[in-house]
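The structure under discussion appears below in the form of structure tokens.
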Amino acid sequence: MAKNPSPVWHPFTQHGLGEPIPLISHASGARLHDAAGNSWIDAISSWWITTHGHAHPRIMAAIRAQTEKLDQIIFAGWTHEPAETLAAALVRITPDPLTRVFFSDSGSTSVEVALKMALGYWFNIGEARSRILVLEHSYHGDTIGTMSVGERGVYNRAWQPLLFDVDTIPFPHEGGEQATLDALDAACTEKPAAFIVEPLILGAGGMLVYPAWVLAEMRSICARHGVLFIADEVMTGWGRTGTRFACDQAGIIPDIMCLSKGLTGGAIPLAVTLCIEPVFDAHYSHDRSKTFYHSSSYTANPIACAAANANLEIWRDEPVQQRIDALAGAQAAHLALLSRHPRVANPRRIGTIAALDVTTPDSGYLSNLAPRLAAFYRERGVLLRPLGNSVYVMPPYCTDATELAQVWEAIADSLDTI
Ligand SMILES: *Cc1c(COP(=O)(O)O)cnc(C)c1O
């Protein structure tokens with residue numbers, strides 16, 4: 001087979017299968033376009049990041065304006081207005097106990113920072129704890145540290161020897177919630193440093209949903225045992241689950257919270273890790289050795305911070321919550337229609353995210369089901385990227401009824417065709 005002539009090595013892409021790689025030239029709202037006039041509806045928000053739609057004018061304008069002023073500045077010991085404004089705003093819109101904001105540049109890094117903060121906290125207060133509790137089927141990123149706290153499998157087998165040990169709590173499947181809570185309670189008695197969790201829905205693990213009361217119970221178990229509770233809201237943040245943050249639905253306040261993806265509306269990379277004052281205090285000292293030793297070159301890049309500030313203004317000034325509620329309702333209606341299809345199992349939805357499992361008569365077929373379905377949708381002008389046999393729709397909030405109908409029609413047709 002002729003190898004792809006482009007030198008680009010794409011993420012999570014098997015170049016050896018020779019699948020076409022569309023070249024996108026521009027995008028706006030929920031639509032992606034190529035130079036030849038083809039277009040696709042971005043039904044997965046470009047991998048869960050685009051919230052208000054592509055090229056939102058306000059975010060683009062904020063980026064342009066910031067490029068006239070300040071491009072980049074070392075953030076160790078120096079600061080700038082977009083970061084100060086953003087940090088203050090984030091502290092304002094999150095629950096009061098979250099008082100400090102540490103900047104980084106991707107979801108994975110925000111999780112690495114969270115883990116380092118947790119261990120730094122215990123180390124600096126003189127009670128070295130290092131074990132991390134995780135939920136089964138979790139995904140927290142693709143760096144060595146974040147793979148360590150995520151599900152082990154084909155996606156990380158080659159690096160298994162480098163991954164550190166964690167204690168895994170069973171996923172709270174319907175009917176098994178108490179077993180999850182009991183396992184967490186037992187694991188917490190072994191004095192772990194922290195429990196990290198994706199609140200309400202596990203994304204890459206297959207869009208697995210669990211109830212808010214379980215999240216609330218898990219949080220209170222950790223509080224009871226003095227185990228730091230890390231909420232990875234990298235995917236769930238910024239309205240995906242129906243509320244601005246998934247933790248809001250459970251009425252819980254994490255000790256450490258990771259945000260990225262929709263933080264800039266999905267326009268440009270940025271991440272933050274928020275924490276409670278005691279975590280900051282443990283690193284606050286006349287003793288330099290207690291410094292939080294973490295940085296990346298582009299920490300709090302001013303242009304990215306300006307985009308995030310524009311995102312917060314959109315949340316303040318535009319009817320974002322109404323759009324989310326409307327999209328959630330439309331998703332529910334489409335899912336309900338399709339859930340009676342004989343090929344559909346486990347229809348599920350939370351907020352703007354709808355998912356279903358595709359059943360096939362031949363289980364050997366399952367292994368390449370996802371890429372086959374993705375190719376089918378691509379031909380139909382829809383960007384969807386099933387996870388195994390789970391098809392999910394997670395569109396930008398600007399997606400209109402016609403666009404959403406086209407997405408669900410493609411899914412319905414795929415079930416009849418495969
Ligand atoms: C996407 C994701 C990450 C990783 O974010 P990147 O920006 O891709 O590094 C971490 N946690 C969750 C829950 C995610 O969905």
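What you are looking at is a predicted structure, and each value in this text was computed from that prediction instead of being measured. Throughout, residue positions are numbered sequentially from 1 according to the sequence presented. Ligands are counted one by one from 1 in listed order, and the atoms in each one are counted from 1 as well.
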Only heavy atoms of Ser108, strictly under 4.0 Å: list the atoms of ligand 1 that pass.
4 (C), 5 (O), 6 (P), 9 (O)

Ignoring hydrogens, what is the shortest heavy-atom contact between Ser108 and Asp142? Give both atom names and the distance.
OG-N, 3.4 Å

Think Arg323 forms a cation-pi with Tyr397, using NZ or CZ under 6.0 Å from the six-ring centre and within 45 degrees of its axis?
no

What atoms in ligand 1 come closer than 4.0 Å to a heavy atom of Trp48?
15 (O)

Protein contact of atom 10 (C) of ligand 1 - nearest heavy atom, named by residue and atom, plus distance:
His140 O, 3.1 Å

Check whether the ring centres of Phe245 and Trp238 lie less than 6.0 Å apart, and answer yes or no.
yes

Any protein heavy-atom neighbour for atom 6 (P) of ligand 1 (distance below 4.0 angstrom)?
yes

In terms of atom number and element, which parts of ligand 1 are under 4.0 angstrom from non-hydrogen atoms of Ser106?
7 (O), 9 (O)

Taking the six-membered ring of Trp315 as reference, does the NZ or CZ atom of Arg244 fall below 6.0 Å from its centre and within a 45° cone about the axis?
yes

I'd like to check which ligand 1 atoms, numbered from 1 as shown, lie under 4.0 Å from a non-hydrogen atom of Gly107.
4 (C), 5 (O), 6 (P), 7 (O), 9 (O)

Does Trp47 come within less than 4.0 Å of ligand 1, judged by its heavy atoms?
no

To the nearest 0.5 Å, tell me how far Lys290 NZ sits from Ile125 CD1.
9.0 Å

Region of Tyr139 engaging ligand 1 - heavy atom pairs below 4.0 Å:
both

closest protein heavy atom to atom 15 (O) of ligand 1 is Lys261 NZ, 2.7 Å

Ligand-side contact atoms (ligand 1) for residue partner Met235, heavy atom cut-off under 4.0 Å
15 (O)

Do Phe280 and Phe102 make the cut of ring centroids closer than 6.0 angstrom?
no

Sub-4.0 Å heavy-atom approach of Glu233 to ligand 1
no

Ignoring angles and geometry beyond distance, decide whether Val234 reaches within less than 3.5 Å of ligand 1 through its nitrogen or oxygen atoms.
no

Decide, yes or no, whether a salt bridge links Glu190 with Arg131 under the criterion of side-chain N to carboxylate O below 4.0 Å.
no

Enumerated ligand 1 atoms positioned under 4.0 Å from heavy atoms of Asp232:
10 (C), 11 (N), 12 (C), 13 (C)

Does Lys69 pair with Glu81 as a salt bridge, N-O distance under 4.0 Å?
no

With rounding to the nearest 0.5 Å, note down the distance linking OG1 in Thr236 to CH2 in Trp48.
11.0 Å

